[in-house]
Amino acid sequence: MIHYIVSTPYPHRHFISFEATFPTNGKEHMQLQLPAWRPGRYELGNFSKNIRSWQSFDKNGAEIPFLKLNKDLWQVKCKGMNEVIIRYQYYAAELNAGSSYLDDEQLYINPVNCFFYDADEMMQPLEVQLQLPQSYDIACGLRKKSNHVLVAKNFDELADCPLIASASMKHLKYEVSGIPFHIHLQGEVKLYEARLLSDFESFTKVQMNLFGDIPCDEYHFLFHFLPTFVRHGVEHCNSTVITMGPAADFQIEDKYHDLLGISCHELFHTWNIKSIRPAEMMPYDFTKENYTRLGYVAEGVTTYYGDYLLWRTGAFPDEEWFEVMSDDIQAYLDNHGRFNHSVADSSFDTWLDGYVSGIPWRKVSIYNEGFLIALICDVHIRLNSSGKHSLDDVMKKLYEDFGKKKIGYTGDDYMRLVNETSGASLDEIFANIVYGKKDYLPYIIKSLNAAGLSISESANPKWSEAYLGLFVEESHPKVTVQSVVPGSSADTAELWNGDEIVAINGKAHYKNFHQLLRMSEGEIELTLLRKGKLKTTSIKIDGTVWAKRYKVGINENATAEEQKFLSNWRGR
C-alpha cells in the first residue's frame with residue numbers, strides 16, 4: 001500500500017505539504033508520475049508548476065538521488081530498498097471546481113492535481129492521512145478508514161475523488177432507490193433546503209429511471225459558494241465539485257435554476273463520460289493527451305440532458321426550456337468558427353485550445369453545438385419511431401453495452417445505435433453537421449417545427465452589433481473590439497479584435513458610445529488606438545442587419561399532432 005500524509009502547517013501561505021511512502025517492489029529505479037491533465041478538462045494542466053521542494057528519502061530519512069525526466073515525471077534510485085519516501089509542497093491558491101485550494105477555513109484537494117503514482121504500479125491501494133483540526137469534517141467519495149484517514153483501491157479511484165475539509169461545511173442528504181445522495185455546502189449561502197432537496201431528488205430519479213441504476217454506491221455534490229462571480233463544475237465517478245457565485249444571488253429564481261442546471265448536468269456525467277467513455281479514454285492515460293472526436297456526445301449530450309430533464313421534471317417551465325434552446329441557437333449562429341471547423345474536429349482540438357476563445361473564427365463549442373446535435377437526434381428518433389423511442393434509449397444502450405462492461409465506444413458505435421433506435425438512417429445529419437461544416441439551422445427548424453415551435457428573428461438590440469457587425473467590450477471609459485462579423489461593415493472598415501475605439505466622428509464617447517453611434521447617419525468615422533498608434537477609419541451604414549437575435553416560441557398555427565409531440569417530448 002502507498003501511504004500519504006497530508007498536512008497544512010501554514011494555511012495562509014496556500015502550500016499543502018505531502019509525504020508519500022511507496023513500496024519499491026524490488027526495483028532499482030522507481031518512476032513517479034504526476035498526472036499531466038485532469039478528467040473533465042481535456043487539455044494539459046501542467047500541475048507540476050505548483051510543486052516545490054521535491055525530495056526523496058530512504059526509510060531512515062537519508063536523502064537519495066532523483067532525476068526529473070520531464071515536466072511531470074521523477075525517477076528515484078532505490079536499489080536494495082524496500083520503500084521510498086518523497087516529500088514536496090503543492091501551491092493551492094486557485095479556487096475553482098477543478099483546482100486545489102487551502103486557506104485558514106478549508107482544505108480542498110482535487111487529487112489528480114497533486115498526488116503522484118508509481119508509473120509501473122497504478123493498481124496499488126492507497127491510504128491518505130489528513131493532519132487537520134479535529135473540528136474539520138471531510139466530504140469525499142472515498143471510503144473513510146477513520147475520521148481523517150481515507151483509503152482508495154487504486155490511483156484511478158483516488159484521482160477521481162476530490163475532497164473538501166472544513167469546520168463550517170453544511171451537509172444535506174436525500175435517497176433515491178436505496179442510494180444515498182449527499183449535498184455538501186461550503187461557503188456563506190442561503191438556500192431553501194426543502195425545495196433544493198425536492199428538486200435534486202426529482203432530477204436524480206428521472207436520471208436513474210433513464211439508465212436503470214447508477215454506477216456507484218453513494219454520490220456526493222461538493223459545493224463551493226463564493227462572494228464573486230464564478231460558474232464551474234467538474235464531474236467525478238461518484239461525486240462532483242461545483243463552484244458558484246455570487247453566493248448572495250441564489251434566492252433569485254434564475255440563479256437558482258442555473259444551480260439546478262449545472263447540478264443536473266454534472267450528475268448525468270456519472271453515466272456519460274465517467275462510465276460511458278470514448279474508446280480513446282478507456283482507460284485514462286494520465287501522461288499525455290487522450291484525443292477523441294466524441295466531445296459532442298460526452299459534453300454535448302450531457303449539456304442537452306442537464307436542462308432538458310429539468311423541463312421534464314417540471315422544475316423548468318416551457319418558457320425557460322425555450323429560452324435555453326434560444327441561447328444555444330444564438331451561440332451557434334454568433335460563432336463564425338462554424339464555417340471553418342466541425343464539432344468533431346473541435347472536440348479533438350480541446351487539447352489545443354478548447355477552453356479559451358482561440359484565434360478568431362477557428363472552432364465551435366462541443367457544448368453548444370453538441371447540445372443542438374443531441375436535440376436534433378432526439379427529435380428525429382422520436383419522429384422516425386412514431387414516438388416509441390428517443391435519445392434516452394440510445395444512452396441507456398450505451399450504458400448497458402459499453403459502460404457496464406467497461407468497454408470504450410467509438411463514433412461508429414454511437415451512430416449505429418442512433419440509427420437502430422430511430423429505425424432510419426441519420427447518417428446524413430452526422431456527415432453534414434457532426435463531421436462536416438454544413439448549416440445546422442435547417443435541421444434545427446425542422447426539429448422545432450415538429451414540436452409546434454418556431455424561431456423568430458429580430459435585429460440585435462445592440463445597434464453596433466446589428467448594423468455594424470461590431471461586438472465590443474465596454475469597461476468605461478474603454479470600448480474595445482471583441483469580435484467582428486465576417487463581411488460586415490466593421491470588417492470592411494478593417495476593425496479587428498483588440499482595437500480600442502476612442503472617438504466617434506471626432507468626439508470622445510465616454511459613457512454614450514451607443515447613443516453617438518445611433519445619432520450618426522450614412523458614414524461613421526472611428527478613431528482607434530491600435531498597438532499604441534492612433535488610426536482613423538470610416539464605416540458605411542447601409543441598413544444591412546449583420547447580427548440578429550433568435551427566439552424559440554410556440555407556433556400559433558401548430559397542428560394537434562405537433563402539440564401532441566411537444567407534450568410527449570415534455571414527458572409530463
Side-chain angles (χ1 to χ4, degrees), residues 206 210 264-265 268 272 296-297 299-313 316-333 338 343 366-398 414-436 438-456 550-555 557-572:
V206 75
L210 192 160
C264 187
H265 174 110
F268 198 86
N272 190 27
Y296 73 93
V297 180
E299 289 294 351
V301 171
T302 303
T303 301
Y304 174 69
Y305 273 103
D307 290 313
Y308 167 53
L309 293 181
L310 292 173
W311 182 47
R312 214 151 95 176
T313 64
F316 284 5
D318 285 354
E319 292 73 18
E320 188 151 359
W321 172 238
F322 300 162
E323 186 176 340
V324 166
M325 291 189 287
S326 301
D327 289 344
D328 280 277
I329 293 167
Q330 188 74 50
Y332 163 72
L333 292 170
R338 60 194 167 99
V343 69
I366 59 175
Y367 296 86
N368 294 125
E369 273 72 355
F371 171 100
L372 295 172
I373 291 165
L375 186 154
I376 291 164
C377 286
D378 192 14
V379 170
H380 277 71
I381 292 169
R382 292 171 183 271
L383 285 173
N384 291 327
S385 67
S386 300
K388 295 177 182 177
H389 301 293
S390 70
L391 193 60
D392 290 13
D393 300 290
V394 175
M395 299 311 297
K396 185 171 184 179
K397 190 69 173 170
L398 276 175
Y414 183 71
M415 286 175 60
R416 174 180 54 82
L417 288 176
V418 169
N419 287 339
E420 287 177 0
T421 306
S422 174
S425 175
L426 274 62
D427 288 355
E428 177 196 337
I429 292 176
F430 280 86
N432 286 344
I433 66 173
V434 175
Y435 297 101
K438 295 289 180 67
D439 189 0
Y440 284 33
L441 201 53
Y443 298 101
I444 295 169
I445 291 171
K446 179 180 177 181
S447 300
L448 295 177
N449 288 168
L453 305 176
S454 60
I455 302 176
S456 62
Y550 300 88
K551 185 175 182 180
V552 175
I554 293 286
N555 181 355
N557 298 316
T559 66
E561 184 179 359
E562 291 166 349
Q563 293 175 22
K564 182 180 179 182
F565 186 99
L566 179 64
S567 179
N568 290 336
W569 189 22
R570 188 188 293 111
R572 53 182 169 80

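Residue numbers count from 1 along this sequence.
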For [X] against [Y], the heavy-atom pair lying closest together:
X      : Y      : value
Ala558 : Gly452 : CB-CA, 3.7 Å
Thr421 : Ser385 : O-CB, 4.2 Å
Asn449 : Leu453 : ND2-O, 2.9 Å
His265 : Thr303 : CE1-OG1, 3.3 Å
Ala374 : Gly300 : CB-O, 4.4 Å

Sequence neighbours excluded, the answer for side chain to side chain donor-acceptor pair (under 3.5 Å) partners of Tyr443 is Glu428, Asn432
When rounded to the nearest 0.5 angstrom, what distance separates [atom1] in [X] from [atom2] in [Y]?
X      : Y      : atom1 : atom2 : value
Leu372 : Leu441 : CG    : CG    : 10.0 Å
Gln330 : Glu323 : CD    : CD    : 11.5 Å
Lys446 : Leu383 : NZ    : CG    : 7.0 Å
Phe322 : Asp327 : CZ    : CG    : 13.5 Å
Tyr332 : Asn368 : OH    : CG    : 11.5 Å
Met415 : Leu426 : CE    : CG    : 9.0 Å

Flag side-chain contact, heavy atom, 4.5 Å: [X] against [Y]:
X      : Y      : value
Asn272 : Tyr305 : no
Ile554 : Leu566 : yes
Ile444 : Ile376 : yes
Arg570 : Asp318 : yes
Tyr440 : Val343 : yes
Asp439 : Arg338 : yes
Tyr414 : Val418 : yes
His380 : Ser447 : yes

Discussion item. Using the rule given for side chain to side chain contact (heavy atoms under 4.5 Å, CB included), can you reason through Phe430 versus Cys377, listing the C-alpha separation, both sets of side-chain angles and the distance that settles it, and then say yes or no?
Written reply: CA-CA 9 Å; Phe430 280 86; Cys377 286; 4.1 Å; yes
Quick one: list whatever passes salt bridge (charged side-chain N to carboxylate O under 4.0 Å, His left out) with [X], sequence neighbours left out.
X      : answer
Asp427 : none
Lys397 : Asp401
Arg416 : Asp413, Glu420

Parallel, tilted or perpendicular: which one describes the rings of Tyr308 and Trp311, with boundaries at 30° and 60°? tilted
Measure up the Phe371 and Trp321 rings against each other and bin them: parallel (under 30°), tilted (30 to 60°), perpendicular (over 60°). tilted
Compute whether any side-chain donor of one residue and acceptor of the other, for Ser454 and Asn555, lie under 3.5 angstrom apart. no
In short, salt bridge (Lys or Arg N to Asp or Glu O under 4.0 Å) pairs touching residues 387-396 with sequence neighbours left out are Arg312-Asp392
Here the salt bridge (Lys or Arg N to Asp or Glu O under 4.0 Å) pairs for residues 374-385, sequence neighbours left out, are Asp378-Arg382
**Prompt:** Is a donor on one side and an acceptor on the other found under 3.5 Å between the side chain of Glu299 and the backbone of Gly370?
**Reply:** no
